[in-house]
Amino acid sequence: MRNHAREHRLERRISQAALAEAVGVSRQTINAIETGHYLPSLPLAFALAGFFGTAIEELFTPSEGNA
Amino acid sequence: MTDIDPVMEWRADMAWYLGIAAASGLAFGLGQGPVAGLVAGTGMLAFTLVLALGRRRIDAIRAIGGSGDERNRALYMRSLAIAGGVLGLVVTGWYLVSVARSEPDGTLLALTVLFAGVFVGACVVSSWRG
């Protein structure tokens with residue numbers, strides 16, 4: 001699964017810590033999501049998409065070979 | 001992203017670890033003497049203190065405590081599964097070694113059966129609950 005969380009965050013010029021506080025997780029979790037080490041739950045993915053004002057499928061896209 | 005009150009969850013964690021510290025101190029104090037009780041209780045208290053002081057800054061400590069956000073809880077569950085799996089293998093292997101030596105250990109057998117029973121039961125309940 002590929003995600004565009006970092007691009008969206010940098011576009012809005014906010015820190016990982018600020019995004020983490022906004023969606024109710026730790027900064028390390030945001031970093032793990034951005035680097036692809038952690039796949040968020042559906043509620044968290046929706047919270048991130050809601051924060052960025054984008055559709056969830058624009059934030060997370062399947063990699064080649066993934067459903 | 002959590003539906004669990006983090007303050008209540010944290011208090012429950014601390015109560016659990018303080019309970020273990022008290023039980024450790026009491027057990028060692030009764031069986032091995034007051035000094036051993038003090039050492040065991042203090043050791044567990046120190047561990048609880050590390051959890052309390054480190055949880056805000058250190059990700060791994062949040063995972064050890066089982067508190068924090070969904071990722072910390074996922075790490076906690078994964079670590080618990082690894083620890084349980086290793087323990088199950090070691091206890092079962094140790095029991096089989098005792099059987100091979102013609103000295104079957106009843107305690108190890110009980111632990112092996114308990115592990116297998118809890119594991120199978122947890123799988124059944126988890127599958128049922130989805």
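All values below come from the heavy atoms of this structure, side chains included, with hydrogens, waters and symmetry mates left out. Within every chain, numbering begins at 1; the chains are lettered A, B, ... in the order of the sequence lines, protein sequences first and strands thereafter.
- Expressed to the nearest 0.5 Å, how far CD1 of A:I30 lies from CG of B:D69 amounts to 8.5 Å.
- Under the 4.5 Å side-chain heavy-atom criterion for grouping Ile, Leu, Val, Met, Phe, Trp and Tyr, B:L53 is not connected to B:Y17 through any hydrophobic cluster.
- B:V50 and B:I58 fall within a single hydrophobic cluster, where Ile, Leu, Val, Met, Phe, Trp and Tyr side chains are chained together by heavy-atom contacts under 4.5 Å.
- For residues 31-40 of chain A, the interface with chain B (any heavy-atom pair closer than 4.5 Å) comprises A:A32, A:Y38, A:P40, sorted by residue number.
- No more than 12 heavy atoms of other residues, nucleotides or ligands lie within 6.0 Å of CZ in A:F46, so this atom counts as exposed by the packing criterion.
- In the hydrophobic cluster analysis, where Ile, Leu, Val, Met, Phe, Trp and Tyr join through side-chain heavy atoms closer than 4.5 angstrom, B:L89 is grouped apart from B:V118.
- Note on B:M77 and A:L44: separate hydrophobic clusters, where clusters join Ile, Leu, Val, Met, Phe, Trp and Tyr whose side-chain heavy atoms are under 4.5 Å apart, directly or indirectly.
- In this structure, A:R2 places its CZ atom where only 12 or fewer heavy-atom neighbours from other residues, nucleotides or ligands lie under 6.0 Å away.
- For CD of A:E21, the number of neighbouring non-hydrogen atoms (other residues, nucleotides, ligands) closer than 6.0 Å is 12 at most.
- Here the shortest heavy-atom pairing between A:S26 and B:D59 reads OG-OD1, 4.3 Å.
- A:Q28 and B:R57 get closest at one heavy-atom pair: NE2-O, 3.6 Å.
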